[in-house]
Every structure is written in C-alpha cells, then in structure tokens.
Peer 1: 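Here it is, the structure in full.
None of these values were measured; they are calculated from a predicted model. For reference, positions follow the sequence shown, starting with 1.
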Amino acid sequence: MRPTRPVAVLGGVRIPFCRQNTAYADVGNLGMSVRTLGALVEKFGLHGQQLGEVAMGSVIKHSSDWNLGREAALSSGLSPLTPGLTMQRACGTSLDTIVAIANKIAAGQIESGIGGGSDTTSDVPIVYGQKLRRRLLAANAAKTPRDKLAAFKGFSLRELKPDFPGVAEPRTGKSMGEHCEDMAKQWNIARDSQDEWALSSHQKLAAAYERGFFDDLVVSFRGVARDNILRADSSLEKLATLKPAFDKTSGRGTLTAANSTPLTDGAAACLLASDEWAQAHGVEPLCYLRDAHVAAVDFVHGEGLLMAPTVAVPEMLKRNGLTLQDFDFYEIHEAFAAQVLCTLRAWESEEYCKTRLGLDAPLGRIDPAKINPNGSSLATGHPFAATGARLVATAAKELKQRGGGRCLLSVCTAGGMGVVAILER
C-alpha cells in the first residue's frame, strides 16, 4: 500500500426524498440512481469523463439490480470506461461507499470517484416460496411441453402465496422500532423529549430550504422539489395526539409515526477526489474526509440494536486524539428520535462509558444546537442506502459556508452496527 494522502469531498447531490408509495412508486433504484448521478455529472461538468470508480449501494433491491453502481454509471453521462460496484451495509451503506472510494484515493489507487446509494420501499422484490420456485426452474429447463407440465404435478394454490421483504431482525424477529422501544425504556427517554426532537428536525429542515441551503444539493425529480415528508406546520400538540406505533399494548410505548423515520424512497451521491485532481479540474474542495470507523454491538444478547455509534465514536476519537466536544457541529442520523437521545445519554453516562466503553470518564455532553443544524432523517426521510451520502453532502456544504471547522458524522444501522466519520475544512 502507498502512503495515504488527503481525500477531498467536492460536493454532492440528491433527489428529494419521498414517502413510500408516492412520487417514486414506479421508478425503482436504477431510475433514482441515474437521475442522481446524472445531476452530479451535470453539476461538476463530468460528461464523458472517466473516473476511478463509482460505488453505489442499495438495501432493498431486485436481482436485476445486481450491480447498480455500474449500471447507473453507464447511464449517467460519465465515460463508459468508469468502473462501478455495488455495496450494502443497511443504513450505513452510502457512508460506506464514500469511505471505500476515499480509501482508494488515499492509497493512490484512483484519483477521483463517486460514492452514493439508492433505496426504495415502494418497488420491493416479491418472491414465491421455494417449492414454486423449484417448479418454475424445472419447467424453464424442460425440453418438451410434456416435461414442462410434469414440473407442476401436485401443484397447490397455496404455493402462490408470496414472500414479502421484512423489516425484522433475522436473529430476534423484532423490528427496528421494537428494538428502539426497548432502548427508550432502558434509558428512560420520555415521549415528549422524542416529539420535541422530531419537531425540531422538521423546523430546521424547513428553515434550511427557505434560506436556499439546499438549492444546489437537491435536484427536482418526478415533479417533486422538496422532501415530501417535511411538515413545516407541525406542532407539539399535533404530535402528542399520535398513538404508539410499535408498543401498542403495554401502555408504555413512546415511539410514534412522527418521532420515527417513515419508509422512504430516494438517492444521493458525492464526488470525492485527490487534491491534484480537484486542482486540475478547477474544483474547490468543500472539506476533507479525515477518518472513518465501524463498530458493532451484541444486540442479540441484550445490547441496544442502534447503540453501535456509541462504541464507534470513542474508538475513532482515540485514534485521532480528539474529544467529543472537539467538533463545530454533528450530523447524527435520526432513525428514531429515541435512538439519538439514547446515544447522547449514553455518552453522558459515567457508568456506561466506564463499563461498556472502558473509559475513565464520560465522553460528555453535546450542545443540542450543534446537532443536525439543517434538519435530518426525521424530516427528510430515510432511504436506507442514501442517508450517508445525504449527511456527507450536507455537512460538506455547511463546513464551506462556515469557512472551516470539524464535523462528526454518525449512522446507526440494522444488524447492530454503526458507521462514523470525521469531516474537516
């Protein structure tokens, strides 16, 4: 491996994120990815240019999406000589694709590349049971009409019952929302605190749109110009009327449709490069990706499913000689308001930081005003594989507008993992 070198984030773009089964119901991952990559190519004048690599990701995808990165790149306006690959780590996917591209740039293997992701929960793969699949394969392989009919001998209508993609953790059978309810109870996160966090996310996102912050970050698609989940006119009174969405029977459920991220369709991507490539192409870096880290927790045996960032962050901070307070702002993915509040409370807990993280003292408090200054997932929505790229693009522009600083990014994921990163300008 060659010595590492700085990796510049040159900027990003995304389509508006839309609630499941609305504007993008019939588009699919490839269509959303092509629109997003095409907009990025247009933004930076990359038509016909060969980049080192395009890495895209998707969590919910059809078998035909087997290499979404390459197929989307071929339709993006880039040179067809640009390689592409597809990755997946649940909600951390596009932060991972960005890190993968960054690592190749840092190692001198490529000079530039794109990392991003797309997800749809509207166009989901629906498959039939194994018995019917075997019949269909046998019929397809049969040479004669007689043999094709023989493949369906003993066929039952019950075999037509489809299998739908699930959101439950395979090892626990519980949904992410049910797991987060457990976390909220463990950390005593009140319902009103969750609603306040959710409302603030909507208010900050609405304000960012009004002042034009997203004018060059969000491109219209299918007649939509803004995230259609955004509720600028919401209020605590409205949020308080909603019933629990996951724990509906105990009387202690606190997670609702409003303080939880809805199922969402969308795509996002970011352009990264070496300083030499950026200079040669006349593009000013917005910031630099300093470091990234991934950690996991044992959620099967009692740890909170979405608590892995609490582990990943201190491990990354130690490697970089930083404290939790050494950041000008923080971009924390809001899968649920409770998940963010549990994370913040854990970092303030002397017991947790000592017994679980092995620290001598708590990581300490973060000023809430420094978290997600332009809103986040509760207001934008959360297409699983697109959120990381959204965070990076948003943070990079914020750093540019501030004239410098440092940002901590944190994304919790299904499977009990967390992906975190540091951006600097």
Side-chain angles (χ1 to χ4, degrees), residues 1-14 36-57 69-70 72-74 76-85 87 94-117 216-217 268-293 316 319-322 328 331 388-409 419-425:
M1 295 289 288
R2 296 173 59 181
T4 60
R5 57 182 177 168
V7 178
V9 179
L10 304 186
V13 73
R14 66 180 177 91
T36 301
L37 288 184
L40 195 64
V41 167
E42 184 72 27
K43 181 175 182 177
F44 290 98
L46 301 175
H47 292 281
Q49 292 196 33
Q50 179 182 346
L51 302 186
E53 188 131 60
V54 171
M56 294 291 285
R70 173 60 172 164
L74 285 170
S76 68
L78 290 170
S79 164
L81 303 182
T82 301
L85 79 157
M87 301 172 61
S94 56
L95 185 50
D96 265 319
T97 62
I98 287 169
V99 171
I101 292 297
N103 285 340
K104 290 188 177 185
I105 294 171
Q109 296 172 354
I110 62 175
E111 293 298 319
S112 60
I114 293 172
D216 63 340
L217 291 179
C270 292
L271 176 65
L272 295 90
S274 65
D275 274 332
E276 293 79 6
W277 191 96
Q279 184 175 5
H281 289 77
V283 182
E284 178 192 1
L286 299 183
C287 65
Y288 292 85
L289 179 59
R290 171 165 171 171
D291 198 5
H293 194 68
M316 183 176 64
R319 185 164 65 232
N320 288 273
L322 296 170
D328 297 276
E331 289 287 345
R390 176 186 68 78
L391 292 175
V392 171
T394 301
K397 180 169 182 179
E398 180 71 19
L399 285 167
K400 162 68 174 174
Q401 288 197 345
R402 290 174 180 233
R406 184 184 293 127
C407 174
L408 174 67
L409 281 76
V419 189
V420 299
I422 297 172
L423 295 179
E424 288 184 342
R425 178 181 171 89

Peer 1: Any side-chain heavy-atom pair from Leu286 and Leu399 closer than 4.5 angstrom?
Peer 2: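 When only atoms from C-beta onward are counted, Leu399 and Leu286 do not touch, as no gap falls below 4.5 Å.
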Peer 1: Measure the CE-CG distance between Met87 and Leu95 for me, rounded to the nearest 0.5 Å.
Peer 2: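 That separation rounds to 10.0 Å.
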Peer 1: Do Asp96 and Val419 have side-chain heavy atoms sitting under 4.5 Å apart?
Peer 2: yes
Peer 1: Any salt bridge between Arg425 and Glu284, counting N to O under 4.0 Å?
Peer 2: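 Yes, this pair counts.
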Peer 1: With side chain to side chain contact (heavy atoms under 4.5 Å, CB included) as the test, would you mind laying out the steps for Leu37 and Ile114 before giving the verdict?
Peer 2: CA-CA 9 Å; Leu37 288 184; Ile114 293 172; 3.7 Å; yes
Peer 1: Looking at Ser112 and Ala273, would you say the former's side chain and the latter's main chain have a donor-acceptor pair under 3.5 Å?
Peer 2: no
Peer 1: With heavy-atom distances below 4.5 Å as the criterion, would you say the side chains of Cys287 and Glu424 are in contact?
Peer 2: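 No, every pair of side-chain atoms sits at 4.5 Å or beyond.
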Peer 1: Minimum heavy-atom separation for Gly57 and Thr97, please, with both atom names.
Peer 2: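 Between these two residues, the closest heavy atoms are N-CG2, 4.1 Å.
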Peer 1: Ignoring hydrogens, what is the shortest heavy-atom contact between Ile105 and Gly113? Give both atom names and the distance.
Peer 2: CD1-N, 4.2 Å
Peer 1: Report the C-alpha separation of Val283 and Phe44 in whole Å, then their side-chain angles, then the decisive distance to 0.1 Å, and conclude whether the side chain to side chain contact (heavy atoms under 4.5 Å, CB included) test is met.
Peer 2: CA-CA 8 Å; Val283 182; Phe44 290 98; 3.8 Å; yes
Peer 1: Got a sec, which pairs hit side-chain hydrogen bond (donor to acceptor under 3.5 Å, both in side chains) with one end in residues 36-45, sequence neighbours left out?
Peer 2: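 Counting only pairs at least two positions apart or across chains, the side-chain hydrogen bond (donor to acceptor under 3.5 Å, both in side chains) contacts touching residues 36-45 are Glu42-His47.
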Peer 1: Taking all atoms of both residues into account, what is the closest heavy-atom pair of Ala389 and Ala269, and its distance?
Peer 2: CB-N, 3.9 Å
Peer 1: Distance from Ile422 atom CD1 to Arg319 atom CZ, nearest 0.5 Å?
Peer 2: 8.0 Å
Peer 1: Distance from Arg70 atom CZ to Leu85 atom CG, nearest 0.5 Å?
Peer 2: 11.5 Å
Peer 1: Side chains of Arg290 and Arg406, heavy atoms from C-beta outward: is any pair under 4.5 Å?
Peer 2: yes
Peer 1: If you round to the nearest 0.5 Å, how far is CG of Leu51 from CH2 of Trp277?
Peer 2: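 If we round to the nearest 0.5 Å, Trp277:CH2 and Leu51:CG are 6.0 Å apart.
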Peer 1: Apply side chain to side chain contact (heavy atoms under 4.5 Å, CB included) to Ile101 and Glu53, showing your working.
Peer 2: CA-CA 7 Å; Ile101 292 297; Glu53 188 131 60; 3.8 Å; yes
Peer 1: What distance do Leu40 atom CG and Arg14 atom CZ have between them, rounded to the nearest 0.5 Å?
Peer 2: 14.0 Å
Peer 1: Look up atom CG in Leu322 and atom CG in Asp291, then write down how far apart they are to the nearest 0.5 Å.
Peer 2: 9.5 Å
Peer 1: If you compare all heavy atoms of Met56 against all heavy atoms of Gly117, which two are closest, and at what distance to 0.1 Å?
Peer 2: CE-N, 3.6 Å
Peer 1: Over all heavy atoms of both residues, which pair between Ala292 and Val99 is shortest? Give the atoms and the distance, please.
Peer 2: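 Closest pair (atom of Ala292, atom of Val99, distance): CB-CG2, 3.6 Å.
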Peer 1: For residues Val7 and Ala102, report the shortest heavy-atom separation together with the two atoms involved.
Peer 2: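 Taking Val7 first and Ala102 second, the nearest heavy atoms are CG2-O, 3.3 Å.
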Peer 1: Do NZ/NE/NH1/NH2 and the carboxylate oxygens of Lys397 and Asp216 come within less than 4.0 Å?
Peer 2: yes
Peer 1: Under the side chain to side chain contact (heavy atoms under 4.5 Å, CB included) criterion, do Met316 and Leu408 qualify, and how do the steps go?
Peer 2: CA-CA 10 Å; Met316 183 176 64; Leu408 174 67; 3.5 Å; yes
Peer 1: Whether Arg402 and Asp328 form a salt bridge (side-chain N of Lys/Arg under 4.0 Å from carboxylate O of Asp/Glu) is what I want to check.
Peer 2: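 No, Asp328 and Arg402 are not salt-bridged.
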Peer 1: Have a look at His281 and tell me which of Gln49, Glu276, Glu111 forms a side chain to side chain donor-acceptor pair (under 3.5 Å) with it.
Peer 2: Gln49
Peer 1: Give a yes or no on whether the backbone of Leu391 and the side-chain of Thr394 come within a donor-acceptor separation of less than 3.5 Å.
Peer 2: no
Peer 1: Report yes if the side chains of Ile98 and Leu272 come closer than 4.5 Å at any heavy-atom pair, otherwise no.
Peer 2: yes
